[in-house]
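Indexing begins at 1, ligand by ligand and atom by atom, following the structure's order.
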Amino acid sequence: MDLERLLTDRLAPAFAAIAGGPVDPAVRRSQHADFQSDAALGLARRLGRPPREIAAEVRERAALADVCAAVEVSGPGFLNLTVAGHALGGMVSALAADPRLGVPVVAEPETVVVDYSGPNVAKEMHVGHLRSTVIGDAAARTLEWLGHRVLRANHLGDWGTPFGMLIEHLLDLGESGAAQELSMGDLDGFYKAARAKFDDDEAFRERSRQRVVALQGGDPATLRLWRLLVTQSESYFLTVYDLLDVTLTGDDFRGESSYHDQLAPTVEELDRLGLLRRSDGADCVFPPGSVGRDGEPLPLIVRKSDGGYGYPATDLAALRHRTGTLGATRLLYVVGLPQRRHFEMVFAVGAQAGWLAAPARAEHVGFGSILGPDGRMLRSRAGGSVKLVGLLTEAVERATALARKRNPELGEAEAAAVGRAVGIGAIKYADLSGDRHKDYVLDWERMLSLDGNTAPYLQYAYSRVRSIFRRAGAAARPDADVSLAEPAERALAIELVGFAAVVDELAGTLEFHRLTAYLHRLAVAFSAFYERCPVLRAEGPLRDSRLVLCELTGRVLRQGLDLLGIRTPERL
Ligand code: ARG
C-alpha cells in the first residue's frame, strides 16, 4: 500500500468521528513535512469550529503512532505528517522483496481492445500515426502488465474507393515494379502518382471506377491485386514497428476490410431497431446529443447514397464485433483529436443499438499534433508531410553520435544498440511526457538532452545504478534492513513507495505524462541521494541498506520505462 493511502486510511476514521460522516482527509505531499492533510479547514467551516482545534482533535484520535514519527498542527489548521523511518524502511523492504514492485495483478481482468496505429495502405504513415502507435503501445503494455487481456487492433485503412485508382496505377506500373516501389517504402510517391492521374485523366478515372465495382463485387483477379497492395504496405509498416520497437505484430492487423461481411448485418440491425433515417439519399443515424454549430442534429452516415459503406459504418461493425464477439468490456481508440466527433457519434450509436452496454465502455484516447520548431504543423522541407521513417532514423543517428562521443570505449555494436535505445526512447518520451491532448513541439536538442525531463536523463540514471552494481560485484542483499537516517534517503524512499499508486491511476486515465513526471522525480531524488550518501564507500549494514535503495531505483526506472516501451541500456 502506498503512503498516501495508508495515511488516509488512518486519518479518515478520526475525521468521520468528528464530522459525524465520511470526510476525505485530503492527504498530499508537503514542503514542510512528508505529507500534509488540509481537511480540517473545510470541516471547520462546516461545523463552525476553529480549524486548529479540529486538527488537534484529529491528531489525538487518529491511530498514527506506528506510521508517523511526528504529527503537528501547523498554520491555520494543517496537519503535518512525518513518516517514521522504520515504517518507511519496512515498506521499502517489502517492495524489494516483491517482484511486482507493489503493483498487484488486477483481481478482475478485463478484455481490452486497444485500437491503435491504423495507417492507410499505399499511403505514408505520418506523425499522427506515430503518436497513435507510441501512445497505444504504452497503453497495451501497461494494461497487459496489470493482468488484463489485451487485444491489439491495427485498424488499417485497406478498403474503400481509393483502391480503384491504386489498383489501376499498380497495373500501369507492372506488378513487380509496383511491388518494388512499395516495399522500399515509397508509399507517398505511389499514392500521389495515382491521385494525379485520377485528377487529370478521364479514362483512368473511368477505369478506377470500374475497378472499385469489381473489387466490391469480389472479382478474384481484382482481389488478388488488392491483396498485393495490402501485403506490400503491411510489410513496410512492420519494418517501421520494428524500428520503433513497438509490440504490434503482423497478427494484429485488423484492417477495415476484415469487417466487410459484417457491414450489411450491422446496418440491418440498426434498421430493425428503428434507428435509420433517410437523409439526402443516404441512410443515417441521428444520435441524441450530436448537434452541429447551427444547432441542427448531426447524422452519422452508415450507408451512402450510392449504397456503399464508409468509415463510420466500418467503425460500427468493428465496435459491435469487439463487444459482441470478442467480449471486450473496454474499448480504447488511440486516434488524433480531429476525429473526436466521429467517435462520439459512433459510441452514441453503439449505445443506442445496445452494442455498447455496461459494463462495456469505449474511450477515445485522443491526442494533439506534433509541431515543427516554428510552432506550426510539422512539415518536410518540400512542404509535404514528414516521413515517419526519416524522423526515426534521424533520432537514432543523433543518439548514436551522442553515445559515441560520451563513451568512446563503446564498441560499434553496443554504440548502435545504445543509439537506438536512446534515439527511439527520446522520441517516445517526448511524445508521452506532455499532456497528450496538447500539441507538442519536436525539439531535438531538448529531447536528446541528458538533463531535464527526458528519456536520456532517465536512461542515464538507470545506467548509473547498473554501474554501481558492476563495481560492487554483487546484487543487493534482499533481506537487508533498510535504514533511512539521511533526508536524501528518506526522500528517495518516499518516491519509491509511490510507484504503485501512479501505475494504478494510469490504468484508468492513460495519462502517461503522470508516469513520466513520477519517473523524473524518482531520478532526481536518486541523483540527490547518490551525491550525498556514499554507497560503495559505506560499510556493513549501511552499505547493504543503500544498495537496496539503489537496486529498487533501478528496478522501478526499468519497469516504468518498459511500460512506456522505452529500453534501458546497461551502459550509456
Ligand atoms: N486509418 C485511420 C486514419 O488514418 C485511423 C484509424 C483509427 N481507428 C479506427 N477504428 N477508426 O485516420
For [atom], closest protein heavy-atom neighbour:
atom                    : result
atom 6 (C) of ligand 1  : Y311 OH, 3.5 Å
atom 5 (C) of ligand 1  : G118 O, 3.5 Å
atom 12 (O) of ligand 1 : Q339 NE2, 2.9 Å
atom 9 (C) of ligand 1  : H155 CD2, 3.4 Å
atom 4 (O) of ligand 1  : H129 NE2, 2.9 Å
atom 8 (N) of ligand 1  : D115 OD1, 3.1 Å

Residues 299-308, side-chain donor-acceptor partners within the protein, below 3.5 Å, at least two apart:
| unit_1 | atom_1 | unit_2 | atom_2 | d |
| --- | --- | --- | --- | --- |
| R303 | NE | D283 | OD2 | 2.9 |
| R303 | NH2 | D283 | OD2 | 2.9 |
| D306 | OD1 | G308 | N | 2.8 |

For [X] and [Y], which I'm curious about, is there any donor-acceptor pair between the side chains at under 3.5 Å?
X    : Y    : result
E124 : Y236 : yes
S208 : E168 : no
T509 : R514 : no

Donor-acceptor pairs under 3.5 Å, side chain of residues 271-280 to any protein atom, not counting sequence neighbours: which ones?
| unit_1 | atom_1 | unit_2 | atom_2 | d |
| --- | --- | --- | --- | --- |
| R278 | NH1 | G281 | O | 2.7 |

Practice problem: Report the C-alpha distance between E202 and R207 in whole Å, list the side-chain angles of each, state the deciding distance to 0.1 Å, and finish with yes or no for salt bridge (charged side-chain N to carboxylate O under 4.0 Å, His left out). | Solution: CA-CA 9 Å; E202 176 55 43; R207 275 201 275 150; over 6 Å; no
Quiz item: Does D315, backbone or side chain, put an N or O under 3.5 Å from an N or O of ligand 1?
Solution: yes
Quiz item: Quick one: does ligand 1 sit under 4.0 Å from the side chain of N120, the backbone, both or neither, non-hydrogen atoms only?
Solution: side chain
Quiz item: Which bit of Y259 is near ligand 1, meaning a heavy atom under 4.0 Å away: side chain, backbone, both or neither?
Solution: neither
Quiz item: Can R100 be said to sit on top of W145's aromatic six-ring, NZ or CZ under 6.0 Å from centre and within 45° of the ring axis?
Solution: yes
Self-check item: Ligand-side contact atoms (ligand 1) for residue partner V335, heavy atom cut-off under 4.0 Å
Solution: 7 (C), 8 (N)
